[in-house]
Engineer: 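Have a look at this one.
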Amino acid sequence: MRIILLGAPGAGKGTQAATLHEHLNAPHIATGDLFRAALSQGTPLGLEAKSYMDRGELVPDDVTVRMLLERISQPDAADGYILDGFPRSLAQAEALDEALKSHNETVDKVLLVDVSEDELVRRLSGRWICRACQTPYHAVSNPPKTEGMCDADGGELYQRDDDKPETVRNRLGVYRDQTAPLIDYYTAQEILTSINGEQEIDVVRADLLAAIN
Ligand code: ADP
Ligand code: AMP
């Protein structure tokens, strides 16, 4: 199954994908994670993406689409995947549809995780992420068992530079202007289900599973 988790930064896409991918036995592909991995390896792609990420802007579509199409062409994605953070513009959505069409494939479901801006700001300002496996935690609403340490693999938790308030404001503006139009795009394709993301993590997960099944 090819699933897109759509939602603003901080909506809980990564949190939900971490368990959904086990349930569906499909890889969790997050373009933000791919860019951060490229950056930590110092590749040309990572260095190109860095200035956009630092400002909270979108990395140009051509670079992003190329990276994503290369990732979904790998064997572990042959039977499907969960996309998180892609597409983020109409051009990216159209490029994905085109690429899938050439293999007689389509996106099966788009799940919109809907959260108000006040809550997004609260979540991003308290977010901590595992340096090793990228699992997100929240200082108040989803803390790790041991402070500063990932429950899954003991990795060190850190706060992303782009989660600071100025950059968050910019990222939410970018979401409103460039990504939110995808709600209409996928509604027109009759594959979008909206989920109330402002519930307990387990309740959001149950709603997502109900929408998938
Ligand atoms: P995204 O991947 O959409 O940017 P994350 O999954 O990283 O969002 O979640 C953002 C922050 O909100 C994290 O700190 C996470 O622990 C927290 N969070 C995620 N889902 C919920 C929820 N349902 N209720 C409260 N906090 C949540
Ligand atoms: P995320 O981890 O999803 O919050 O993404 C972090 C940053 O990576 C974003 O603010 C963008 O700069 C960049 N990025 C991630 N995904 C995309 C995408 N699909 N298109 C353009 N830029 C992206």
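Just so it is clear, the values below take in all heavy atoms, side chains as well, and ignore hydrogens, waters and symmetry mates. Counting convention: from 1, in listed order, for ligands and their atoms alike. For clarity, every value in this text was computed on a predicted model and none was experimentally measured.
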Engineer: Which protein residues come within less than 4.0 angstrom of ligand 2, counting heavy atoms only?
Structural biologist: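 T31, G32, F35, R36, M53, E57, L58, V59, T64, G85, F86, R88, Q92, R160, D162, R171.
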Engineer: Looking at residues at least two apart in the chain, or sitting in another chain, which of them share a side chain to side chain contact (heavy atoms under 4.5 Å, CB included) with L100?
Structural biologist: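 Checked L100 against side chain to side chain contact (heavy atoms under 4.5 Å, CB included); matches are R2, Y81, L96, E105, V107.
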Engineer: Donor-acceptor pair, distance only, cut-off 3.5 Å: does the side chain of E198 make one with the backbone of S116?
Structural biologist: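 Checking the backbone N and O of S116 against the side chain of E198, a donor-acceptor pair under 3.5 Å is found.
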Engineer: Does A211 offer a backbone N or O that forms a donor-acceptor pair with the side chain of T193 under 3.5 Å?
Structural biologist: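 Not a single qualifying donor-acceptor pair exists.
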Engineer: With hydrogens left out, which residues have an atom under 4.0 Å from ligand 1, given that only heavy atoms count?
Structural biologist: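 Only A8, P9, G10, A11, G12, K13, G14, T15, R123, R127, P136, Y137, H138, S141, N142, G197, Q199, E200, I201 have heavy atoms that fall under 4.0 Å of ligand 1, ordered by chain and number.
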Engineer: Determine, for D153 against R131, whether the closest basic-nitrogen to carboxylate-oxygen distance falls under 4.0 angstrom.
Structural biologist: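 Salt bridge: no.
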Engineer: Rounded to the nearest 0.5 Å, what separates atom CD1 in I82 from atom CG in L20?
Structural biologist: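 I82 CD1 to L20 CG: 5.0 Å, rounded to 0.5 Å.
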Engineer: Using the ring of Y52 (Phe, Tyr or Trp, six-membered ring only), decide whether R55 places NZ or CZ under 6.0 Å from its centre and within 45 degrees of its axis.
Structural biologist: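 Checked: cation-pi criterion met.
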Engineer: Salt bridge check: are E117 and R176 linked by an N-O gap of less than 4.0 Å?
Structural biologist: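 Salt bridge present between E117 and R176.
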Engineer: Can you name the side chain to side chain contact (heavy atoms under 4.5 Å, CB included) partners of D54, sequence neighbours left out?
Structural biologist: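 Side chain to side chain contact (heavy atoms under 4.5 Å, CB included) list for D54, sorted by chain: K50.
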Engineer: Using only atom types and a distance under 3.5 Å, with no angle test, would you say the side chain of T64 pairs donor to acceptor with the backbone of V59?
Structural biologist: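 Yes: the side chain of T64 pairs with the backbone of V59.
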